[in-house]
Amino acid sequence: MTVKETLQSQGAAFSEKAHDAIDVARENVGKAVDTARETAGKAAETTSHAAQDFGHRAAAMIEASPLGVLVGGIAAGMLAGSLLPRTQSEARLLAPVGKRLTDTAHGAIDAAKETAQSEFASLGLSRNSAKDQVGKLLGGVVNALTAAGTAALTAKLSGGNAPASVSPAPAEQGNAAPTRPAASAGSPTTAPKTGGDTE
């Protein structure tokens, strides 16, 4: 074989291998394109179904509670509006309106404070008298709880033979009516004394 024939033979073999490689590459690219198309189609179909499902759920939610959706939409709009930067023209146009609203709100708050203070003063209520009233109320509650606890403990210790009601504690005797039942006409009102009662 001559050099020329050898080169031609090797060139033909190389050309055949190159064509085979190109054919394999074409097949692989074709398969990859088909797979990509199939995947994209499935993704589009899934997205379409998800969007339809979301639309159905949103419509059902709007039908179920339209007021809640309205409030949520307003809140979302306010949030979006607060996140967006204010433009110079907005600031220039809205500054007087904001100042008027602020001044009006401050005036309303001050008027409400003055009215409430004058009403409380006319009723004889002040911060100190309110504190005193709350203190008396809490003291009465503590005394009532103490008396109830003492009566329960006495009843438990005496095996259930304690009187049905207990007289009020000494601190509340001036403020509360006795809790003993009223006596029938002609009989004295005396309940058996227990160790926990103090009169």
Sequence neighbours left out, what passes side-chain contact (heavy atoms from CB on, under 4.5 Å) with Ile74? Give chain and number order. Leu70, Met78
side-chain contact (heavy atoms from CB on, under 4.5 Å) against Val142, all qualifying residues, sequence neighbours excluded: Thr146
Pairs flagged by side-chain hydrogen bond (donor to acceptor under 3.5 Å, both in side chains) wherever residues 101-121 is involved - sequence neighbours left out: Lys99-Asp103
Quick one: side-chain hydrogen bond (donor to acceptor under 3.5 Å, both in side chains) partners of Arg57, sequence neighbours excluded? Asp53
Sorted by chain and number, sequence neighbours left out, side-chain hydrogen bond (donor to acceptor under 3.5 Å, both in side chains) with Thr39 holds for none
ILVMFWY clustering at 4.5 Å (side-chain atoms), partners of Val69: Met61, Ile62
Atom [atom1] in [X], atom [atom2] in [Y]: separation rounded to 0.5 Å?
{"X": "Lys42", "Y": "Glu45", "atom1": "NZ", "atom2": "CD", "answer": "9.0 Å"}
{"X": "Leu157", "Y": "Thr150", "atom1": "CG", "atom2": "OG1", "answer": "10.5 Å"}
{"X": "Glu38", "Y": "Thr35", "atom1": "CD", "atom2": "OG1", "answer": "6.5 Å"}

Any side-chain heavy atom of Ser48 within less than 4.5 Å of one from Gln52? yes
